[in-house]
Amino acid sequence: AQTVTQSQPEMSVQEAETVTLSCTYDTSESDYYLFWYKQPPSRQMILVIRQEAYKQQNATENRFSVNFQKAAKSFSLKISDSQLGDAAMYFCAYRSAAGAGGTSYGKLTFGQGTILTVHP
Amino acid sequence: DTGVSQNPRHKITKRGQNVTFRCDPISEHNRLYWYRQTLGQGPEFLTYFQNEAQLEKSRLLSDRFSAERPKGSFSTLEIQRTEQGDSAMYLCASSTRGTVNNEQFFGPGTRLTVL
């Protein structure tokens with residue numbers, strides 16, 4: 001079974017600064033997807049960024065980027081130019097590439113989450 | 001369509017009562033997932049539907065839990081004889097083969113409090 005670990009229960013950053021959230025995972029699979037989700041205080045989960053394990057290039061979405069180290073099974077999220085609206089709980093998640101057509105059926109395995117506070 | 005909807009948003013019940021939650025996925029999505037999230041933790045997978053077929057259930061889904069998706073559209077999650085340990089946020093997500101990497105879109109959740 002896959003596991004996802006987020007070792008930082010809480011992080012804080014000053015507005016306009018950069019912060020990095022850590023995530024490690026354990027799997028015996030070679031092909032999979034990794035995600036970072038944001039859950040604001042309103043509690044609706046929003047996808048921030050995704051990474052396909054077969055791609056060596058790190059994913060980037062505007063101010064959000066990842067550092068994907070497949071051999072180390074590490075998947076960190078960097079938020080640049082932090083904004084007050086970035087304050088939320090962030091979850092790292094794993095999904096097998098077998099997807100909904102395979103035995104994993106596309107379920108997500110989440111880490112414990114990191115609460116990000118942004119100070120003005 | 002504005003996204004995945006869940007009702008009710010909040011439910012308070014007494015221990016031993018039965019409760020039922022509803023999830024309406026995005027209309028063209030044939031895949032539907034239920035997750036449970038306890039306070040301060042990440043969501044945990046409960047069960048998965050492809051159309052009306054329930055294809056996977058987690059060991060977390062005890063005999064007191066049952067989920068249905070009778071016509072492959074909305075889904076219901078019922079908890080019988082609720083216990084205080086059932087208090088959690090119940091999240092529903094949907095996806096379809098047409099979305100990039102089968103991305104799952106989440107609903108706002110139903111927060112259950114068992115007194």
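Numbered from 1 within each chain, the chains take letters A, B, ... in sequence-line order.
Going from atom NZ of A/Lys107 over to atom CZ of B/Phe45 covers 5.5 Å, rounded to the nearest 0.5 Å. For the atom pair CE of B/Met89 and CE of A/Met45, the computed distance is 9.5 Å after rounding to the nearest 0.5 Å. The CZ atom of B/Phe105 sits 8.0 Å away from the CG atom of A/Leu47 when rounded to the nearest 0.5 Å. Here OH of A/Tyr37 is found 5.5 Å from CD of B/Gln104. Values are rounded to the nearest 0.5 Å.
When the shell of 6.0 Å around CD of A/Glu15 is examined, it contains more than 12 heavy atoms from other residues, nucleotides or ligands. For A/Lys73, the NZ atom sits in a packed shell: over 12 heavy atoms of surrounding residues, nucleotides or ligands are nearer than 6.0 Å. A 6.0 Å sphere centred on CZ of A/Arg63 holds more than 12 heavy atoms belonging to other residues, nucleotides or ligands. More than 12 non-hydrogen atoms from other residues, nucleotides or ligands lie less than 6.0 angstrom from NZ of A/Lys70.
For A/Tyr94, the side-chain hydrogen bond (donor to acceptor under 3.5 Å, both in side chains) partners two or more places apart in sequence, or in a different chain, are A/Thr27, A/Glu29.
Sorted by first and then second residue, the disulfide bond (SG atoms under 2.5 Å apart) pairs involving residues 47-78 of chain B (not counting sequence neighbours) form an empty list.
Between A/Leu108 and B/Tyr35, the shortest heavy-atom distance links the atoms N-OH, 3.0 Å. A/Gln39 approaches B/Leu91 most closely through the heavy-atom pair NE2-CD1, 4.4 Å.
In terms of non-hydrogen atom pairs under 4.5 Å with chain A, the most contact-rich of B/Glu44, B/Gln6, B/Gln41 is B/Gln41.
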